[in-house]
Trainee: 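Got a structure for you, written out below as structure tokens; questions coming shortly.
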Amino acid sequence: MTESLVRQREVTLVDLVDRLLGGGVVISGDITLAVADVDLVQVSLRALIASVDTVDEAVR
Amino acid sequence: MIYVYAIGDGVSRARVVGLDGRAVERVTEGRLTAFVTRDMERPPEPTPATLGAHDEVVMSLMVDGAVLPMRFGTVLRDDADIRAVVRDRADELVQALDRVRGRVELGVRAVWRGNHAEPPAASGGDFLRAKLRRRAAARMVAAEVHPRLAQLATDARCSLLPRDDTPLAAAYLVDRVRCGEFEAHAAELAEEQPDAELVVSGPWPPYSFSEPTDA
């Protein structure tokens, strides 16, 4: 796992969902018009995860 | 509205393509830059494609300097609003950027093998016993894996049994140059676990290390 892997990595949907919807900088308060509704999204994407674990094809 | 991917302090002008193939632009406030797509008509739907696109943008930006990814789906009204956020939280953001500089996030997820994977069946008593057994086994996996991997990281997060099929989901902030060492160590540990397989993912932008002190 070296720098070259930065472009080569395999991204699985479950890891992607956990990080993008559970991590990152959160801007709270009225200034934010929208941020993904985590609970709602988790439910719909989990169903997807159950059927496909690798997101590569969907992404690229 | 304006979609925000990340905040960083890089100075590159590299062209990056964002959601819906739209341009990623820069909004600079002091020494910090927000990476955005302007004139979004609505917040993006979270799909594998949009999540992947957000992630790809942040990965590309990491080549030119430290960045803090935003939570997916962050949409503000306009430039003035994102400038205000960056200005108000400048000190905290600069500190977080310094913490992640030159580092990447590596994920380690454990998945059961063998009979822990089976859903508990039959009576309520069986159900509870299976649940307790799983929790004890998850604790054991975490105790053997997490401290040893955390030694190779500058920061770490660990969540025990976040889902029934997942005894452990952990994230490690690792110096780029130590990624190989980390992965080799994780592979060794994986062979020693009777109950679980370890899945290493990344390198990722520092999604799990972008907020100040949620440790």
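None of the values given here were measured: they were computed from a predicted structure. We name chains A, B, ... by the order of the sequence lines, and we start the count at 1 in each one. Any value given below was found using the heavy atoms of this structure, including those in side chains, with hydrogens, waters and symmetry copies removed.
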Trainee: Based on non-hydrogen pairs under 4.5 Å, which of B:His54, B:Met62, B:Glu105 is most in contact with chain A?
Mentor: B:Glu105
Trainee: Using non-hydrogen atoms only, which part of B:Glu181 is less than 4.5 Å away from chain A: side chain, backbone, both, or neither?
Mentor: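 Neither the backbone nor the side chain of B:Glu181 comes within 4.5 Å of chain A.
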Trainee: Tell me every residue that passes side chain to side chain donor-acceptor pair (under 3.5 Å) with B:Thr50, counting only those two or more places apart in sequence or in another chain.
Mentor: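 Partners of B:Thr50 under the side chain to side chain donor-acceptor pair (under 3.5 Å) test: B:Thr47.
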Trainee: Look at atom CD of B:Glu191 and say whether more than 12 heavy atoms of other residues, nucleotides or ligands are closer to it than 6.0 Å.
Mentor: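 For B:Glu191, atom CD is not crowded (no more than 12 foreign heavy atoms under 6.0 Å).
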Trainee: So which atom in B:Asp55 and which in A:Leu20 form the shortest heavy-atom distance, rounded to 0.1 Å?
Mentor: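 Looking at all heavy atoms of both residues, the closest pair is N-CD2, 4.2 Å.
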Trainee: To check you understand the geometry: which heavy-atom pair defines the closest contact between B:Ala171 and A:Arg19, and what is its length?
Mentor: CB-NH2, 4.1 Å
Trainee: To the nearest 0.5 Å, what is the distance between CD1 (B:Ile82) and CD1 (A:Ile27)?
Mentor: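 One finds 4.5 Å between CD1 of B:Ile82 and CD1 of A:Ile27.
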Trainee: Do A:Val25 and B:Arg89 have side-chain heavy atoms sitting under 4.5 Å apart?
Mentor: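 A side-chain contact under 4.5 Å exists here.
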Trainee: When rounded to the nearest 0.5 angstrom, what distance separates OG1 in A:Thr12 from CZ in B:Arg109?
Mentor: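 Atom-to-atom, A:Thr12:OG1 and B:Arg109:CZ are 5.0 Å apart.
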Trainee: Distance check, rounded to the nearest 0.5 Å: A:Leu16 atom CG versus B:Tyr207 atom OH?
Mentor: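 These two atoms lie 7.0 Å from each other.
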Trainee: Does the B:Arg71 side chain pair with the main chain of A:Gly23, one donor and one acceptor, at a distance under 3.5 Å?
Mentor: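 Side chain of B:Arg71 to backbone of A:Gly23: a pair is present.
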